[in-house]
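Just so you know, these numbers use all the heavy atoms, side chains as well, and skip hydrogens, waters and symmetry mates.
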2 protein chains.
Amino acid sequence: MVTLAEVARHAGVSASTVSYVLSGKRPISDLTRRRVRASIEQLGYQPHAGARALASSRSRIIALMVPLRTDMYVPVMLEIAVAVATTARARGYDVLLLTGEEGPSALRRVTGSGLAEAVILMDVQLDDGRLPVLRAAAPPAVLVGLPADPAGLNCVDLDFAAAGALCVEHLAGLGHREIAVVGGSPGVYARHTGFAERTLGGLRERAGRLGVGLLHRPCDGSHDAVAGVLARILDERPGVSAFVVQNETAVEPLLALLRRTGRAVPEDVSVVAVCPEAVAAQASVPLTSVAIPAQELGRRAVERLFARLTGPGGPDATGVELLTPVLTVRASSGPPPSRRLTG
Amino acid sequence: MVTLAEVARHAGVSASTVSYVLSGKRPISDLTRRRVRASIEQLGYQPHAGARALASSRSRIIALMVPLRTDMYVPVMLEIAVAVATTARARGYDVLLLTGEEGPSALRRVTGSGLAEAVILMDVQLDDGRLPVLRAAAPPAVLVGLPADPAGLNCVDLDFAAAGALCVEHLAGLGHREIAVVGGSPGVYARHTGFAERTLGGLRERAGRLGVGLLHRPCDGSHDAVAGVLARILDERPGVSAFVVQNETAVEPLLALLRRTGRAVPEDVSVVAVCPEAVAAQASVPLTSVAIPAQELGRRAVERLFARLTGPGGPDATGVELLTPVLTVRASSGPPPSRRLTG
DNA sequence: GGGCAATATCGAAGCGCTTCGACTCGTGGC
DNA sequence: GCCACGAGTCGAAGCGCTTCGATATTGCCC
C-alpha cells in the first residue's frame with residue numbers, strides 16, 4: 001500500500017505538503033501542486049480511510065438505517081436508500097447500511113465509535129425507540145418520516161396529511177360522496193408508523209370538512225386480503241363510489257377485483273392512489289395519484305444533514321420539512337355514476 | 001469521547017491490557033478482566049473505529065455494490081442487501097452501501113483506501129466492467145451472480161439454468177408441448193445480465209431435449225408491455241398452453257390479462273414463475289414457481305467472504321457455488337386442455 | 001531599505017488503537 | 001534448590017494521516 005510519506009518522498013516534498021495539496025487548507029505553489037499530483041497519480045496513492053478518520057475525527061461516512069420489515073413498499077425504501085447513497089457520494093461521503101434489527105444500540109455504536117458522523121433514519125414510528133438515543137447522544141441526524149414529537153429533531157417527509165386531503169378534495173370535487181380507504185397493512189398501524197396515520201388524519205379531516213363519508217380499512221397487499229377488504233367495504237357501504245389506496249401492493253389486486261366484479265374504472269368507481277409515480281403510470285389503469293417522491297426524500301435528507309454538518313451548526317438546523325404533495329390526474333378517476341347520468 | 005487510555009486508568013491497568021481484554025489475544029486473569037469490563041461499562045467506552053482500522057489494518061467493513069437500475073426485481077435486491085447486512089453484523093462487520101453509479105472505480109477506492117476489507121457485487125453482467133478491477137487488485141470478493149468467465153472468482157447464485165430446465169420439465173411432464181417464456185425486461189438482455197441468459201439457456205436446452213416448442217419474448221413489467229407481448233405470443237403460436245414468467249412484475253398483469261381474455265389458469269393455460277416465494281404465494285392465483293432465495297443468496301455470499309477472510313486463505317477459496325433450484329407446485333399449473341379432455 | 005504582510009513549505013506532535021518484546025511471578029520437574 | 005516455562009502484565013513503537021506552530025522566501029509600502 002502506498003502511503004502519503006512515499007508520495008512525499010517521490011515528489012521531493014514533506015508529508016504535510018502532500019496533505020495540504022490534498023485538502024487545500026493551505027496555499028501551495030502551482031509547481032509543487034503539480035509535482036505532488038503527478039506523484040499521486042504515478043504511485044496510485046489512496047489515502048488510508050482509517051488514518052484519516054483518526055487524525056481528523058471525521059470519517060466521511062453517514063449511516064443509513066433501513067427497516068427490516070417488508071410490509072412497507074419496498075421499492076420506495078430502496079429508491080430512498082439509493083438516492084441517499086448517490087447524493088452522499090457526490091459530497092464525498094460514503095453510506096453505511098444499518099438494518100433496524102440491531103435497534104437503537106446500533107445508533108450508539110456507529111456514532112459512538114466515530115464510524116459514522118451522522119445518521120439518517122427511515123421508517124420512523126410515531127413513538128420511535130431510536131429517538132431517545134438521538135436526543136441523548138445528539139449526533140447529526142435526519143429522520144425520513146415524522147415522529148409524534150419532532151421537537152429538536154431534523155425531519156423530512158412528504159406531507160401525508162396534505163396528501164390525504166388532496167385525494168379527498170379531488171374526489172369530492174368530482175362529486176363523490178362516499179369514499180373508501182384501502183389502507184396500509186395492519187402492521188403499519190399497529191406500529192404507529194407516522195405516514196399511515198397522518199394520511200388517514202388528512203383524509204378524515206378533509207372528508208369531515210367537506211361532508212363526505214369516509215370508511216377506512218387496513219389491508220395487506222396480497223390478493224386474498226384485498227378481496228376480503230373489498231367485499232367488506234362494498235357490503236358495509238354500498239354507496240361507495242371511490243377508493244383511495246395507500247398500500248401500493250394492493251393497487252393491482254384492487255383493480256383486478258373491481259374489473260372482475262364488473263365495476264369499470266373510472267366509469268363506475270374511481271381509484272386514487274398514494275404511491276410512486278412509476279406504479280401509478282404502469283398500472284393496468286393509469287392511476288390518478290399523489291406521488292411519493294422517494295428520490296427527492298433521500299436527496300433532501302442528505303442535504304439537510306450536510307447543512308447541519310458543514311453549516312453554521314447549532315440547533316437552528318433542526319426542524320421539520322414537509323414536501324408538498326402533488327396530485328396527478330390520470331385515467332382512474334372521474335365523476336361518480338350518479339353525476340354521469342344527470343350530467 | 002472516552003478512550004482506551006481512560007479506561008485503562010480507571011481500571012488501574014495498562015492500555016495494552018485493556019486491548020487484550022477486548023481482543024482476547026492474550027491471556028488475562030479473571031480478576032483483571034472483570035475490572036476492565038466494569039470500567040468499560042461505567043465509562044461507556046466505544047473503541048474508535050478509525051484508530052482500530054489504522055492500527056490493525058482491518059476496517060471490519062465490507063462493501064456491497066447494488067445496482068442503480070430499477071428494471072430488475074427490486075425487492076429481491078433489497079432482501080439480498082438486508083441479508084448481507086444482517087449476516088455481516090452477526091460477525092461483527094458493517095456494510096458499506098455502494099451504488100453501481102460510481103462504476104469500477106468505486107471498488108478501487110474503497111478497497112484501496114482500506115475503507116472496506118472486502119466486497120460483494122450484485123447484478124453481475126456476463127462481461128462485467130468491475131471484473132478487471134477485481135482480478136487486478138484482488139481484494140476478497142464475492143459475486144452474487146455469474147459472469148461469463150468466473151475463473152478465479154468467488155461466485156454465488158441460484159442455478160438459473162437448472163431453474164429454467166426445471167420449469168420446462170414440470171410443464172412437459174404435465175403434457176404441455178408449446179411453452180412461451182415471458183422474459184425479463186429487454187434491458188436485462190441488452191446488458192447480458194447473467195441470470196436472464198442462463199435461465200433462457202436452461203429453458204432452451206431442456207425444451208430441445210424434450211422436444212417441446214419454446215418461444216421467448218423479453219418483457220417489461222408494465223401492464224401495457226405485458227399485453228403487447230401476450231398478444232404477439234398468442235398470435236404467433238396459438239398452440240401455447242403454458243407460460244414461464246421470469247419478470248416478477250409481469251406476473252400480475254399476465255394473470256389479469258389471461259383472465260380478461262377468458263383463459264382460465266390452470267385449466268386453459270398453465271403459468272410457472274421464477275420469483276420469490278412471497279410473490280408466488282400472494283399472487284391472485286397462487287403460482288407454481290421456482291423460488292429465488294434472496295436471503296439465502298445474501299447469507300451465503302457473506303459466509304463465503306468470511307471463509308476467505310478468516311479462513312486458510314489462498315486461492316482455494318474461489319469457485320462457483322450454485323444453489324439448487326426448487327420448484328414448488330401451487331395452483332397455477334396443470335395439464336393442458338387437450339390432456340384434460342382425453343384424461 | 002527596514003519592516004511587515006502574505007505565501008509557501010517543513011517538522012513534529014499527536015489522533016486512539018494494536019502488537020511485539022520484555023519483564024515478573026508462581027509452579028513443576030529433576 | 002535451580003531451571004524452564006507458562007501465565008499475566010506492561011511499555012513502547014508504530015499504523016498513516018492532519019494540523020499547528022515555526023521557518024524561510026518573497027514582494028511592497030512608506
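Distance CE (A:Met1) to P (D:dG16): 7 Å, rounded to an integer number of Å. Note: CG (A:Leu4) to P (C:dG14) measures 19 Å, nearest angstrom. Rounding to whole angstrom units, NE2 of residue A:His48 and C1' of C:dC17 are separated by 12 Å. The distance between atom CD1 of B:Ile40 and atom P of C:dC17, rounded to the nearest whole Å, is 10 Å. In this structure, A:Gln46 places its CD atom 20 Å from P of D:dC15, rounding to the nearest Å. To the nearest angstrom, C1' of D:dG16 lies 14 Å from CG of B:Leu115.
For the segment residues 50-61 of chain A, the set of residues with a heavy atom within less than 4.0 Å of an atom of DNA chain C comprises A:Leu54, A:Ala55, in numerical order.
Residues B:Asp149 and B:Arg135 form a side-chain contact, since some pair of their non-hydrogen atoms from C-beta on lies under 4.5 Å apart. Two residues are said to be in side-chain contact when any heavy atoms from C-beta on lie closer than 4.5 Å; A:Leu126 and A:Thr193 fail this criterion.
Atom CD1 of B:Ile292 sits about 9.5 Å away from atom CG of B:Asp157, to the nearest 0.5 Å. Distance check: B:Leu322 CG to B:Leu146 CG gives 6.0 Å after rounding to the nearest 0.5 Å. Note that CG of B:Leu43 is 4.5 Å distant from NE2 of B:His10, once rounded to the nearest 0.5 Å. One distance of note links CG of A:Leu4 with CD of A:Gln46; it measures 13.0 Å at 0.5 Å rounding. Atom CZ of A:Arg304 sits about 8.0 Å away from atom SG of A:Cys155, to the nearest 0.5 Å.
Evaluation of the salt bridge (charged side-chain N to carboxylate O under 4.0 Å, His left out) rule for A:Arg108 yields no partner, not counting sequence neighbours. The side-chain hydrogen bond (donor to acceptor under 3.5 Å, both in side chains) search around A:Ser19 returns none, not counting sequence neighbours. A search for side-chain hydrogen bond (donor to acceptor under 3.5 Å, both in side chains) contacts involving B:Tyr45 returns nothing, not counting sequence neighbours.
Counting non-hydrogen atoms of neighbouring residues, nucleotides and ligands closer than 6.0 angstrom, the CD atom of A:Glu321 exceeds 12 such neighbours.
Here B:Ser19 lies in heavy-atom contact (under 4.0 Å) with a base.
Distances shorter than 4.0 Å separate none of the side-chain N or O atoms of A:Lys25 from OP1 or OP2 on D:dT18.
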Seminar exercise, completed: A correct 5'-to-3' footprint of nucleotides 4-12 of chain C, with B, S and - meaning base, sugar-phosphate only and no protein heavy atom under 4.0 Å, is ----SBBB-
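Note on the helix from C:dG1-D:dC30 to C:dC30-D:dG1: angle between the axes of the first and last five pairs equals 40°, rounded to 10 degrees.
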